[in-house]
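Below is one structure; the comments refer to it alone.
We use all heavy atoms of the structure for the numbers below, so side chains are in, but hydrogens, waters and symmetry mates are not.
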Amino acid sequence: MDMSRRTVIAGAAAAGLTAATLGSAHATGSGAGAPVRSLFGVLPDGTKVHSWSLANGGTRMKVLSYGGVVQSLEVPDRRGRLANVSLGFRSLDDYVASSPYFGALIGRYGNRIGKGRFTLDGRTYQVDVNDGENSLHGGAQGFDKRVWDVEPFTKGADVGLHLHLTSRDGEMGYPGTLRVKVTYTLTRYGDWRIDYAATTDKPTVVNLTSHVYWNLAGEGSGSIEGHRLKIDGSRYTPVDAGLIPTGEQARVAGTPFDFRRAKTVGEDLREAHQQLLYGQGFDHNWVLDKGISARPEWAATLQDPSSGRTLRIATTEPGLQFYSGNFLDGTLVGTGGRVYRQGDGLCLETQHFPDSPNRPSFPSTVLRPGQTYRSTTVHSFTR
């Protein structure tokens with residue numbers, strides 16, 4: 001696959017793998033019902049925020065219209081006992097005041113853009129800077145801070161939500177009015193699929209992702225250092241002290257970044273490697289061996305030995321950001337009433353590479369009028 005092209009497919013949607021192909025081992029006894037809406041809270045400007053509850057194939061989830069946030073995602077362990085494996089908050093006030101992107105939809109540009117600046121078609125754009133001198137996850141008022149329009153659906157044995165958002169030309173400094181549709185589907189097998197789509201009326205850059213923090217033992221249960229992780233990537237993109245890629249695609253062999261064979265998250269976490277010092281742990285993008293793909297292909301596997309829960313991720317994206325929860329500092333209280341400390345959750349964000357608008361050698365994130373941005377990621381749960 002040519003790594004220089006963007007995942008842009010005009011016209012028909014890119015087809016994803018079926019749940020059977022993905023190999024989900026969930027029981028199908030827990031049937032689907034229509035998603036249920038309830039009032040979650042009210043923003044200071046009077047905007048109502050709703051929560052949507054979905055269940056299918058043994059998996060249960062709650063999604064907020066605020067930020068498209070996955071507030072909770074419950075899956076069974078080897079004994080069939082449900083636990084919420086996604087970090088989050090109980091109240092809307094906490095999400096507004098202090099969320100480190102718990103469970104949120106990220107855009108217009110997931111991850112970092114160096115100095116918040118890029119040049120497109122000869123014109124330089126300055127976008128919102130909110131992470132030192134850099135832009136992170138679309139700026140201070142990115143898609144994670146917006147209230148999305150939500151439309152529930154049932155389709156055969158599957159249930160889900162269509163989330164819609166319009167980002168106006170110039171919002172957070174980005175060119176073009178971007179119309180976004182994200183579909184969350186809970187399949188009959190209990191898998192969670194995300195389909196992203198977007199169009200623009202001016203050339204722009206787009207990189208959408210989901211920022212769920214995973215703890216397969218259950219949120220609030222403690223460290224994820226004992227989780228076993230496998231990433232199907234032979235290279236990663238090293239960063240500078242500001243966590244901006246240097247442009248190199250370095251081999252993981254012989255470094256703490258080698259997850260080609262499953263190992264515990266904590267095995268090399270405390271190695272005296274300069275990249276780990278920069279990130280205070282893992283906070284890096286892996287170059288997936290599969291590259292960009294028209295259909296979701298396997299990218300990573302996460303397992304909690306204590307509960308038996310396993311998460312497998314398939315995606316069309318060329319990159320995966322593994323973040324080991326380095327900046328959770330003990331000041332946030334989660335949905336279960338327990339404090340989140342460093343390493344109590346981890347993120348596996350499928351994406352294009354950080355700072356791609358400034359790195360011609362990276363896969364392009366440019367979207368032009370007449371094109372449709374499409375991306376798909378599937379989360380498959382087994383036990």
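- Among residues two or more places apart in sequence or in another chain, the ring-ring contact (aromatic ring centres under 6.0 Å, His included) test is passed with His211 by Tyr101, His137, Tyr213.
- A donor atom on one side chain and an acceptor atom on the other are found under 3.5 Å apart for Gln321 and Asn111.
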Ring pair (Phe, Tyr, Trp, His ring centres under 6.0 Å) evaluation trace for Tyr236 with Phe282: CA-CA 11 Å; Tyr236 76 107; Phe282 296 104; 9.3 Å; no
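- By the side chain to side chain contact (heavy atoms under 4.5 Å, CB included) test, Glu225 pairs with Ser223, Leu269, Arg270, sequence neighbours left out.
- The side chain to side chain contact (heavy atoms under 4.5 Å, CB included) search around Gln141 returns Lys145, Met172, not counting sequence neighbours.
- Legend: residues meeting side chain to side chain contact (heavy atoms under 4.5 Å, CB included) with Arg81, ordered by chain and number and at least two apart, are Asp77, Arg79.
- Residues passing the ring-ring contact (aromatic ring centres under 6.0 Å, His included) test with Tyr196: none are found, sequence neighbours excluded.
- No side-chain donor-acceptor contact under 3.5 Å links Asp93 and Ser91.
- Using cut-offs of 30° and 60° for the angle between ring planes, the Phe362 and Phe353 rings count as perpendicular.
- For Val129, the side chain to side chain contact (heavy atoms under 4.5 Å, CB included) test picks out Gln126, with sequence neighbours left out.
- Checking Ser72 against Ser86 by side-chain atom types alone, no donor-acceptor pair falls below 3.5 Å.
- For the residue pair Asp195 / Thr376, a side-chain donor-acceptor distance below 3.5 Å is found, with atom types taken as modelled.
- The ring-ring contact (aromatic ring centres under 6.0 Å, His included) check on Phe89 picks up Tyr95, Phe102, with sequence neighbours excluded.
- Taking a cutoff of 4.0 Å between a charged side-chain nitrogen and a carboxylate oxygen, Asp191 and Arg193 do not qualify as a salt bridge.
- The stretch residues 152-166 participates, sequence neighbours left out, in these side chain to side chain donor-acceptor pair (under 3.5 Å) pairs: His162-Thr183, Thr166-Arg179.
- Here Asp344 pairs with nothing under the side-chain hydrogen bond (donor to acceptor under 3.5 Å, both in side chains) rule; sequence neighbours left out.
- For Asp144, the salt bridge (Lys or Arg N to Asp or Glu O under 4.0 Å) criterion is met by no residue, not counting sequence neighbours.
- Asn134 is linked by a side-chain hydrogen bond (donor to acceptor under 3.5 Å, both in side chains) to nothing, counting only residues two or more places apart in sequence or in another chain.
- Using a 4.0 Å cut-off between charged side-chain N and carboxylate O, Lys263 and Asp268 make a salt bridge.
- For the side-chain hydrogen bond (donor to acceptor under 3.5 Å, both in side chains) with Gln351, the lone residue among Asn285, Thr377, Thr209, Asn207 that qualifies is Asn285.
- For Arg338, the CZ atom sits in a loose shell: 12 or fewer heavy atoms of surrounding residues, nucleotides or ligands are nearer than 6.0 Å.
- With sequence neighbours excluded, no residue satisfies ring-ring contact (aromatic ring centres under 6.0 Å, His included) with Tyr66.
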